[in-house]
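No hydrogens, no waters, no symmetry mates; every other heavy atom, side chains included, goes into these values.
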Amino acid sequence: SMGGADASAGNPPHTGKIKVVIAYNDVVAGTRAMGVLNKLAARLGNEIDFVPIPWSFNLLDEVDWRAVAASDAIKADILILAVSSGGTMPSSVERWTKDVIEKKQGSTAAVVALFDTEQMPHGTFFSHLETIEECVRRAGLSFYAPEPHSAMERTVAHLDERAELITPVLEHILEEHDQHQGSRSQM
């Protein structure tokens, strides 16, 4: 009988659940990773269902949880490593990450590094990034890091540009705010 084939015939061809393990150091980093996923989902027209599985570095620091998180991450389609500015990646988490990536060898998984290097171009970030990138390449997975290694130089220029863009906008908002305050006191 063809019952099985009929049952799946109604499903559009490209829908699918994409498991995304998010390893993050704090709420800021976790929220940023979720924001990236939401943008991706919107761009893909919601034909793909992202299933986020968050794991905090605090839990990954505990032996019992590390194994559970590893089995999640090994099965995941995407592994996001999210570290906010001022945060660090403990050596236990880095070891866990390398271990997971090695075990994902031969899969079509992607690894995304969301390290907030913009606010804090920290030397340690770049050593982590290089270590992980090398590991991902060896495992033959796809690697994405929004901030490339030349970020150090670019960050400075970028901040200058941003200040030039933001200052007039801020002044405009503050002026409007002052006018509202003024009109309110005249009422």
Side-chain angles (χ1 to χ4, degrees), residues 16-44 48-156 158-159:
K17 286 191 188 307
I18 300 263
K19 275 192 182 168
V20 185
V21 163
I22 301 170
Y24 63 99
N25 74 309
D26 63 9
V27 175
V28 174
T31 305
R32 188 163 167 238
M34 286 300 297
V36 168
L37 271 191
N38 290 337
K39 273 189 200 139
L40 260 179
R43 198 174 299 157
L44 295 167
I48 288 174
D49 188 11
F50 288 109
V51 182
I53 307 163
W55 281 99
S56 71
F57 285 2
N58 287 347
L59 284 178
L60 294 178
D61 217 13
E62 294 178 24
V63 169
D64 298 339
W65 287 116
R66 248 202 308 269
V68 181
S71 83
D72 275 350
I74 289 162
K75 282 179 268 188
D77 302 285
I78 301 173
L79 171 61
I80 298 182
L81 304 164
V83 187
S84 63
S85 67
T88 55
M89 180 181 269
S91 55
S92 59
V93 174
E94 188 175 78
R95 270 198 309 276
W96 175 87
T97 304
K98 285 157 82 172
D99 189 42
V100 162
I101 290 168
E102 275 161 27
K103 292 200 168 93
K104 292 178 80 62
Q105 188 154 358
S107 73
T108 56
V111 178
V112 181
L114 289 181
F115 290 4
D116 197 352
T117 48
E118 239 169 54
Q119 275 140 306
M120 185 170 289
H122 225 248
T124 55
F125 274 136
F126 293 99
S127 64
H128 285 311
L129 207 56
E130 277 174 354
T131 305
I132 289 160
E133 183 172 8
E134 195 185 316
C135 199
V136 172
R137 299 248 183 263
R138 267 205 310 270
L141 310 178
S142 309
F143 183 73
Y144 301 96
E147 284 292 324
H149 297 317
S150 60
M152 289 289 225
E153 295 86 358
R154 286 199 316 108
T155 298
V156 182
H158 189 53
L159 288 175

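The structure places CD1 of I101 at 6.5 Å from CG of L81, a figure rounded to the nearest 0.5 Å. E134 CD to F143 CZ: the interatomic distance, rounded to the nearest 0.5 Å, is 11.0 Å. Note that NZ of K104 is 10.5 Å distant from NZ of K75, once rounded to the nearest 0.5 Å. Interatomic distance, CD1 of I78 versus OG1 of T108, reported as 9.5 Å (0.5 Å rounding). Between C135 atom SG and E130 atom CD the span is 13.5 Å, to the nearest 0.5 Å.
Nearest heavy-atom pair, L79 versus A73, reported as atom, atom and distance to 0.1 Å: CD1-CB, 4.5 Å. A76 and A109 get closest at one heavy-atom pair: O-CB, 3.9 Å. Closest heavy-atom contact between A33 and I80: CB-CG2, 4.0 Å. Across all non-hydrogen atoms, the minimal contact from A29 to S84 is CB-N, 3.6 Å. Counting all heavy atoms, side chain and backbone alike, Y144 lies closest to A110 at CE1-CB, 3.8 Å. For the residue pair E102 and R138, the shortest heavy atom distance occurs at OE2-NH2, 4.5 Å.
Side-chain atoms of N25 and V93, non-hydrogen and from C-beta on, never get closer than 4.5 Å to each other.
With respect to the salt-bridge test (charged N to carboxylate O, under 4.0 angstrom), the residues K17 and D49 qualify. Salt-bridge annotation for K103 and D99: present, with a side-chain N of the basic residue lying under 4.0 Å from a carboxylate O of the acidic one.
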side-chain contact (heavy atoms from CB on, under 4.5 Å) between V100 and V21, worked out: CA-CA 11 Å; V100 162; V21 163; over 6 Å; no
Stepwise side-chain contact (heavy atoms from CB on, under 4.5 Å) test for I132 and F115: CA-CA 12 Å; I132 289 160; F115 290 4; 4.3 Å; yes
Check against side-chain contact (heavy atoms from CB on, under 4.5 Å), I22 and L37: CA-CA 10 Å; I22 301 170; L37 271 191; 4.2 Å; yes
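Not a single donor-acceptor pair under 3.5 Å links the side chain of K98 to the backbone N or O of T131.
Every residue meeting the side-chain contact (heavy atoms from CB on, under 4.5 Å) condition with T31, not counting sequence neighbours, appears here in chain and number order: V27.
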Indicate every side-chain donor-acceptor pair of residues 50-70 with a distance under 3.5 Å to a residue at least two apart or in another chain.
from : atom 1 : to  : atom 2 : distance (Å)
W55  : NE1    : D72 : OD2    : 3.0
S56  : OG     : L59 : N      : 3.3
D61  : OD1    : S92 : OG     : 2.5
R66  : NH1    : L60 : O      : 3.0

